[in-house]
Amino acid sequence: MAVSMTSMNLVTLILGAVLLAAGAASAVGSDFRPCDSKNYPVTIKDVVIDPEPVVSGDLVTFTIPAYASEELKGGTVVVTVSLYGFKVHTERDDLCGKTECPIKGDFSLSSSQALPVFTPPGQYKLKFQVLDLNGKEQACASVGFAIVWKSSRDATVADMIEEHPSVASA
């Protein structure tokens, strides 16, 4: 029995899609880790993500408990978000706008963001850095996390238009 090349390509495509979906569904948890083995003055203890998995169209909060062994008078918090290895967002904030300065000992940073309903699902990586006033890296950690679609019964076109009215008038 001869199998046409078109039907083989279709089977391969379907099999690949099933494997990709299974891999994405099984990798929903986060994987926190330091960026490298350097001994930084600030130790990031964890990155807590709520909710997990992150849902497009919903509010997500990242909480970062940390410890500063040396006094840090100020600096910058740099957050870089990547989707499948491609940078999709970078944010720089004043450290003292996120916590009380000067910092020494235990402290925590927190950031909440309402994601648009059209945020694509997938495996994301958040790289979190703390820089001192001279731009020298004081801490670095990353965490992988998943964003999933809001169920179709929850997210409608009306929700998208309500959230982004400028799109409806375009």
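Bear in mind the structure is a predicted one, so any value in this text is a computation, not a measurement.
Results of the side-chain contact (heavy atoms from CB on, under 4.5 Å) test with Ile49 over Val143, Thr61, Leu126 single out Val143 as the only residue that passes.
Glu91 contributes no side-chain N or O that, together with a main-chain N or O of His89, makes up a donor-acceptor pair within less than 3.5 Å. For the pair Asp36 (side chain) and Lys38 (backbone), a donor-acceptor distance under 3.5 Å is present.
The aromatic rings of Phe145 and Tyr124 sit parallel, their planes meeting at an angle under 30°, below the 60° perpendicular limit.
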- Item | Derivation of the side chain to side chain donor-acceptor pair (under 3.5 Å) call for Glu137 and Tyr40 | CA-CA 8 Å; Glu137 193 172 61; Tyr40 290 108; 2.6 Å; yes
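Looking at heavy atoms from C-beta onward, Val77 lies out of side-chain contact with Gln129 at the 4.5 angstrom threshold. Taking the side chain as every heavy atom from C-beta outward, Ser82 and Lys127 never approach each other to under 4.5 Å. No side-chain heavy atom of Leu115 sits less than 4.5 Å from a side-chain heavy atom of Leu59. Contact annotation: the side chain of Leu72 approaches that of Asp132 to within less than 4.5 Å [non-hydrogen atoms, C-beta and beyond]. In this structure, the side chains of Asp58 and Val54 stay at 4.5 Å or more apart for every pair of heavy atoms. The closest side-chain heavy-atom distance from Thr90 to Val81 is not below 4.5 Å.
Grouping the Ile, Leu, Val, Met, Phe, Trp and Tyr side chains by contacts below 4.5 angstrom, directly or via other members, places Val47 with Val130. Linking ILVMFWY residues whenever their side-chain heavy atoms come closer than 4.5 Å, directly or via other members, leaves Ile147 and Val48 in distinct clusters. Taken together through direct or relayed side-chain contacts under 4.5 Å among Ile, Leu, Val, Met, Phe, Trp and Tyr, Phe62 and Val88 form part of one hydrophobic cluster.
The two atoms that bring Cys96 and Lys73 nearest to each other are SG-O, 3.6 Å, heavy atoms only. Listed here is the closest heavy atom pair of Pro120 and Leu83: CG-CD2, 4.2 Å. Smallest separation of non-hydrogen atoms from Lys104 and Glu71: CD-N, 3.9 Å. Here the closest heavy-atom approach between residue Val42 and residue Ala66 is recorded as CG1-CB, 4.2 Å. Minimum heavy-atom separation, Ser108 to Thr63: OG-CG2, 3.6 Å. Phe128 approaches Val79 most closely through the heavy-atom pair CD1-CG2, 3.8 Å.
Rounding to the nearest 0.5 angstrom, the gap separating the CG atom in Leu133 from the CG atom in Leu95 is 8.5 Å. Once rounded to the nearest 0.5 Å, the distance linking CD of Gln138 with OG1 of Thr76 reads 11.0 Å.
Taking 4.0 Å as the cut-off between side-chain N and carboxylate O, Lys45 and Asp106 count as a salt-bridged pair.
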